[in-house]
Amino acid sequence: MTINTKVEEAGFSPASRISAIGVSEILKIGARAQAMKRDGKPVIILGAGEPDFDTPDHIKRAATAAMLRGETKYTALDGTPELKAAIRKKFARENELSYEQDEITVATGAKQVLFNAMMATLDPGDEVIIPTPYWTSYSDIVEIAEGKPVLIACDAKAGFRLQAEQLEAAITPRTRWVMLNSPSNPSGAAYSADDYRPLLDVLLKHPHVWLLVDDMYEHIVYDEFRFVTPAALEPRLKNRTLTVNGVSKAYAMTGWRIGYAGGPRALIKAMAVVQSQSTSCPSSISQAAAVEALTGPQDFLKERTESFKRRRDLVVAALNAIDGLDCRVPEGAFYTFSGCSGVLGKTTPGGQRIETDRDFCAYLLEGAHVAVVPGSAFGLSPFFRISYATSEAELREALARIAKACADLH
Ligand SMILES: Cc1ncc(COP(=O)(O)O)c(C=O)c1O
């Protein structure tokens with residue numbers, strides 16, 4: 001970890017539990033891009049992990065109404081009864097999953113759900129299997145909880161999806177969890193029922209291994225892809241599956257900080273212990289807004305997904321027209337994860353050799369003023385992630401610049 005030297009000089013040393021955790025590459029690139037913008041450079045940032053839409057007005061109104069009703073106090077520890085009821089209905093309506101009220105937890109973002117789950121279950125050295133490319137918070141959270149992330153590379157040929165043989169080979173007596181994310185940040189790859197089946201069969205053979213599924217991008221799927229979640233597909237695994245979701249991406253509510261999960265009662269109870277001594281409860285006002293998100297009109301979800309699909313098609317087509325880049329068509333989320341092996345070994349007009357995806361992304365930022373994130377930040381190279389949650393006009397301009405930057409390489 002890069003600790004601020006001034007702090008070190010002041011005699012500070014961090015706890016060993018955070019010593020392995022790096023400063024996020026995404027944040028570093030974002031900070032550099034913002035600094036360039038402040039210097040007047042026309043930088044286009046394709047790094048954001050959030051929708052460019054606003055939270056719908058009916059959801060904002062529900063928050064205002066909650067405030068005016070005086071719902072401004074601490075709530076029940078892991079979610080108001082109203083929100084838990086709305087989440088149970090959501091799971092039944094959209095996922096054919098039936099949970100009791102005490103099998104539901106609500107936290108300050110899905111990130112806190114993951115954090116609570118790992119803190120509540122991992123002993124030092126317990127292993128957590130994480131397919132890469134992955135959302136890097138997974139391994140960081142496991143490390144903070146003193147567990148051991150076991151990263152498994154899933155390449156583009158396998159659709160960036162974990163294969164049954166890989167899972168089988170990675171399981172040891174110390175394996176506590178497998179974490180799956182569909183559709184994925186950063187690859188946009190999603191698991192169909194057929195993709196999940198062999199993995200679930202492996203898990204059935206290993207009763208000590210629990211499954212955490214992150215369904216955060218469930219509503220953002222394209223081309224008739226049918227979203228499914230493992231606890232519904234394989235009821236025999238439901239008593240050791242934590243189904244994580246949230247309102248951040250589907251309802252454009254990243255700042256409201258509400259995530260939730262359904263899972264076995266004993267686990268949910270243990271997670272509440274962690275939450276009780278960290279945040280006490282999620283924001284009362286945000287919980288009221290989330291009730292409206294989950295129970296109010298849902299028709300805008302389809303419209304927004306159609307808008308994302310247009311942008312996905314635009315970006316994938318433009319990337320695949322560039323010599324040296326190779327982009328798989330993602331099933332969901334709002335990211336492309338494009339191969340860039342064809343540009344490695346080339347030299348920039350400034351005379352720098354591009355050896356890695358990190359070099360390539362640095363060249364795009366400095367030379368073309370487009371900020372994208374290298375695959376290395378997500379545990380798989382040589383790739384780079386584009387977040388296309390921005391206007392079509394900006395995307396067109398950014399892709400024209402990337403095309404020119406690639407053509408300028410020799
Ligand atoms: C795959 C994935 N899971 C979870 C989260 C966290 O969401 P929340 O805003 O609910 O903490 C993100 C946010 O980027 C994500 O990409």
Side-chain angles (χ1 to χ4, degrees), residues 14-15 17-18 21 24 49-50 55 59-91 99-123 128 135 137-138 140-147 177 179 210 212 214-216 242-295:
R17 84 173 65 81
I18 64 155
I21 296 161
S24 156
E50 58 188 350
T55 305
I59 297 175
K60 291 182 186 170
R61 280 195 296 272
T64 308
M67 275 190 275
L68 296 176
R69 279 197 306 273
E71 289 179 24
T72 55
K73 305 288 198 310
Y74 293 129
T75 72
L77 170 57
D78 62 353
T80 60
E82 294 76 20
L83 181 51
K84 287 192 176 188
I87 292 165
R88 289 178 65 201
K89 280 198 197 126
K90 177 264 180 262
F91 275 131
Y99 288 111
E100 297 300 325
Q101 195 91 346
D102 58 359
E103 293 176 313
I104 300 289
T105 187
V106 183
T108 304
K111 193 179 251 184
Q112 196 193 7
V113 174
L114 299 174
F115 187 82
N116 290 347
M118 294 304 112
M119 289 299 280
T121 56
L122 296 183
D123 280 322
V128 179
W135 185 46
S137 292
Y138 292 163
D140 288 346
I141 290 170
V142 168
E143 296 206 44
I144 290 178
E146 300 182 50
W177 288 97
M179 284 187 177
W210 285 49
L212 185 153
D214 179 342
D215 293 346
M216 181 54 81
L242 186 67
T243 305
V244 180
N245 212 316
V247 294
S248 284
K249 315 287 169 160
Y251 300 94
M253 291 176 70
T254 47
W256 299 75
R257 312 305 306 124
I258 295 291
Y260 59 86
R265 192 169 285 120
L267 169 64
I268 296 294
K269 223 168 136 187
M271 288 166 65
V273 173
V274 180
Q275 181 148 303
S276 70
Q277 299 310 340
S278 51
T279 55
S280 295
C281 65
S283 146
S284 57
I285 299 153
S286 297
Q287 289 189 75
V291 170
E292 175 62 22
L294 296 175
T295 58

Apply the test side chain to side chain donor-acceptor pair (under 3.5 Å) to residues T279 and Q112: give CA-CA distance (whole Å), side-chain angles for both, the deciding distance (0.1 Å), then the verdict. CA-CA 9 Å; T279 55; Q112 196 193 7; 3.0 Å; yes

Does K60 have more than 12 heavy atoms from other residues, nucleotides or ligands lying within 6.0 Å of its NZ?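 Enclosed.
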
In a check of side-chain contact (heavy atoms from CB on, under 4.5 Å) between E82 and each of I87, T295, V291, which one passes?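 Exactly one candidate clears the test, V291.
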
Can you tell me how far [atom2] of [Y] sits from [atom1] of [X], rounded to the nearest 0.5 angstrom?
{"X": "M118", "Y": "I141", "atom1": "CE", "atom2": "CD1", "result": "8.0 Å"}
{"X": "Q275", "Y": "S280", "atom1": "CD", "atom2": "OG", "result": "8.5 Å"}
{"X": "T108", "Y": "N116", "atom1": "OG1", "atom2": "CG", "result": "8.5 Å"}
{"X": "E292", "Y": "M253", "atom1": "CD", "atom2": "CE", "result": "9.5 Å"}
{"X": "F115", "Y": "S278", "atom1": "CZ", "atom2": "OG", "result": "7.0 Å"}
{"X": "L114", "Y": "W177", "atom1": "CG", "atom2": "CH2", "result": "9.5 Å"}

Is a side-chain donor-acceptor pair under 3.5 Å present for T75 with Q287?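 Distance-only check passes for Q287 and T75.
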
T55 and W256: side chain donor to acceptor below 3.5 Å: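 Indeed, the side chains of T55 and W256 share at least one donor-acceptor pair under 3.5 Å.
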
Would you say that [X] contacts [Y] through its side chain, given a criterion of any heavy-atom pair below 4.5 Å between the two side chains?
{"X": "V128", "Y": "L212", "result": "no"}
{"X": "R257", "Y": "S283", "result": "no"}
{"X": "D78", "Y": "V106", "result": "no"}
{"X": "V113", "Y": "M271", "result": "yes"}

Where do L267 and L242 land on the side-chain contact (heavy atoms from CB on, under 4.5 Å) test, with the steps shown first? CA-CA 9 Å; L267 169 64; L242 186 67; 3.8 Å; yes

For the rings on Y260 and F91, is their centre-to-centre separation under 6.0 Å?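 Distance test on ring centres: under 6.0 Å, yes.
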
Tell me every residue that passes side-chain contact (heavy atoms from CB on, under 4.5 Å) with E146, counting only those two or more places apart in sequence or in another chain.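 side-chain contact (heavy atoms from CB on, under 4.5 Å) list for E146, sorted by chain: R17, P124.
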
